[in-house]
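The block underneath contains the structure these notes are about, expressed in structure tokens.
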Amino acid sequence: MRREVQQEELLRVPVHMKLHYRFPAGAHYERFFKEMKETGRIMGVRCPECRRVLVPPRPVCGECFARTEEWVQVGPKGTVVAYTSICFSFIDLTTGKPRPIPYGAGLIQLDGAYSAINHILEEGDPGKLYIGMRVEAVLKEKREGNIGDILYFKGIEE
Amino acid sequence: MGKRAAIIGTGQTNHCSSREDVNEMELVYEAATAALKDAEMTIKDIDAVVLANMELFEGRALPDMWCGEGAGAFMKHAFKISTGGTSGTSGAISGYYHVASGLFDRVMVVGFEKHSEGDASGGMALTDPFWDRHIAAAAIGNFALSVSAYMADRGVTEEQSAKVAVKARRNACNNPHAHLQMPDLTVKEVLESPILAYPVHRLEMCPQSDGACAIIFASEEIAKKRCPRPAWVRAAVTRHDHIYLGEVKNRLSTMRSLREAAKAAYEIVGIKEPLKEFDVAEIYDPLTYAEIAWYEALGFCKDGEGGMLIDGGVTQMDGELPVNPSGGVISTNPVGASGTIRVAEGALQIHGRGGKRQVPDVNLALVTGYGVYCWSDVLILSSKPY
Ligand SMILES: [Zn+2]
């Protein structure tokens with residue numbers, strides 16, 4: 001069923017777009033990002049029903065369909081529960097430029113939190129990463145109020 | 001329980017990395033006309049059309065509008081399902097619901113994707129703007145994260161993973177529609193292909209394909225009249241898990257949504273020993289490690305024994321339960337169609353129209369879909385209506 005055509009004969013219509021969006025964070029995420037920006041503290045919320053501490057701090061617990069109100073400080077130390085080393089070029093969506101490879105990425109369970117968050121690991125060599133590795137969040141000096149205020153997680157000795 | 005419904009016809013395009021000879025509407029038309037021909041119907045026979053597509057990849061809003069006419073939706077009841085990787089299976093489940101409701105008798109579902117037109121990694125990255133975009137690394141990055149935990153938890157090896165890739169690409173050689181057909185692929189070659197994200201090699205991941213697939217569902221009366229061996233839908237279940245990757249801890253090890261969907265579907269049909277009772281399975285395997293994890297989540301074996309199934313050849317074409325005779329998603333992946341293809345391939349096996357990839361005497365087929373990192377669909381198709 002395939003039409004026989006030479007590549008150079010094909011008509012293609014190229015489109016390049018620059019689009020603009022803005023996303024209101026909502027009260028919970030706003031508090032999380034403001035707290036991290038102003039005090040460097042990482043906060044989670046506890047579900048009143050299942051008592052799980054959620055990070056990101058969602059206004060509604062998905063499992064219980066209950067509003068979350070109780071704020072709890074978590075981290076900045078945590079444990080790597082999954083890791084990888086990214087070896088293919090991928091656009092950093094905050095800069096529009098490819099992130100230098102390879103780099104480490106992990107799921108980090110912050111101390112005191114039920115859920116883990118995915119973030120960048122300072123260590124990019126998979127031979128040096130392991131599950132159960134203890135890490136600590138390294139924050140930016142000049143914070144802007146987004147998740148990029150955590151630069152990465154670095155390995156720590158305890 | 002709804003009214004009985006069956007799949008009576010399927011149609012697919014030939015899937016490949018780039019179908020630049022057609023636009024998306026023509027691609028959809030190819031699959032729709034193939035399915036109508038298979039069911040010996042014309043578009044006049046169709047009451048309703050369901051389209052399935054992962055919208056953002058082609059950067060075009062309202063794909064149901066631009067492609068609807070190609071699927072014969074003009075002046076018919078028509079709408080679109082878009083749930084990431086599960087779009088195709090959820091679209092099929094929607095088609096089934098239409099007929100099972102008793103409100104429609106003949107429904108066509110068309111899943112489609114034209115990866116070559118756009119930017120799939122970009123589309124994947126348009127996720128939650130607060131948490132995910134700073135660190136997004138497409139499907140591969142997400143998977144690789146889970147693979148490390150799965151390997152540590154269950155002791156699955158790189159060799160076992162590579163064997164899944166070899167099985168898939170060899171099975172694909174029997175499927176004239178498949179994208180990656182590699183008859184001579186070896187475990188060594190898979191493990192020597194470049195690492196995309198540790199420990200996942202390029203040849204362990206699904207490709208990006210252009211392609212479309214259509215399925216025709218019919219009510220009991222019409223199915224019995226028009227199809228010598230209808231593929232009856234005996235169960236169709238969908239489950240969605242939490243939204244953030246980090247909350248679906250031990251994702252491949254637990255795969256809660258797939259486990260729960262399978263449990264519910266097995267209960268409806270009365271399946272106790274899936275490995276023995278199913279004659280064939282077409283499961284949505286986005287990468288090799290996932291296929292092994294799904295063996296466990298689907299109850300083909302105990303947790304921790306998935307690697308042994310591939311070592312023992314149990315899921316090969318001549319094994320106890322052939323998994324993905326079509327070559328699976330690892331061989332062919334036009335995302336919006338990938339789930340629809342699973343359903344079509346399961347139905348094809350019951351119709352007995354599988355050609356070189358036909359498994360002998362198929363009466364019960366298991367089909368799954370997988371979306372984002374934690375959504376699952378399970379369908380059970382049977383040669384018997386009850
Ligand atoms: Zn809760």
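Please read all numbers here as calculations on a predicted model, not as lab measurements. Just so it is clear: chains get the letters A, B, ... in the order the sequence lines come, proteins before strands, and each one is counted from 1.
Shown here is B/E69, whose CD atom has no more than 12 heavy atoms of other residues, nucleotides or ligands within 6.0 Å.
Scanning both residues, A/S115 and B/E247, for their nearest heavy atoms gives CB-CG, 3.8 Å.
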Starting from the C-alpha separation in whole Å, work towards a yes-or-no answer on side-chain hydrogen bond (donor to acceptor under 3.5 Å, both in side chains) for B/H15 and B/S209.
CA-CA 6 Å; B/H15 316 298; B/S209 317; over 6 Å; no
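Ion pairing between B/R353 and B/D38 holds under the 4.0 Å rule for side-chain N and carboxylate O.
Of the listed residues (A/V15, A/I117, A/I108, A/L10), the one with the most heavy-atom contacts under 4.5 Å to chain B is A/L10. Taking chain B as the reference chain and counting heavy-atom pairs below 4.5 Å, the highest number among A/A105, A/G106, A/C87 is found for A/C87.
Contacts between residues 26-41 of chain A and chain B, defined by a heavy-atom separation under 4.5 Å, are made by A/Y29, A/F32, A/F33. Within residues 146-158 of chain A, the residues approaching chain B closer than 4.5 Å by heavy atoms are, in numerical order, A/N146, A/I147, A/G148. Inspection of non-hydrogen atoms places A/H119, A/I120, A/P126, A/I131 of residues 119-133 of chain A under 4.5 Å from chain B.
Residue contact with chain A, scored on non-hydrogen atoms closer than 4.5 Å, involves the backbone and the side chain of B/F130 alike. Within the 4.5 angstrom heavy-atom criterion, no atom of A/E9 approaches chain B.
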Report, one line per pair, each donor and acceptor closer than 3.5 Å where one atom sits in a side chain of residues 69-82 of chain A; sequence neighbours left out.
{"residue": "A/E70", "atom": "OE2", "partner": "A/R46", "partner atom": "NE", "Å": "3.2"}
{"residue": "A/T79", "atom": "OG1", "partner": "A/R134", "partner atom": "NH1", "Å": "2.9"}

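B/S253 and B/D153 share a side-chain donor-acceptor pair at under 3.5 Å.
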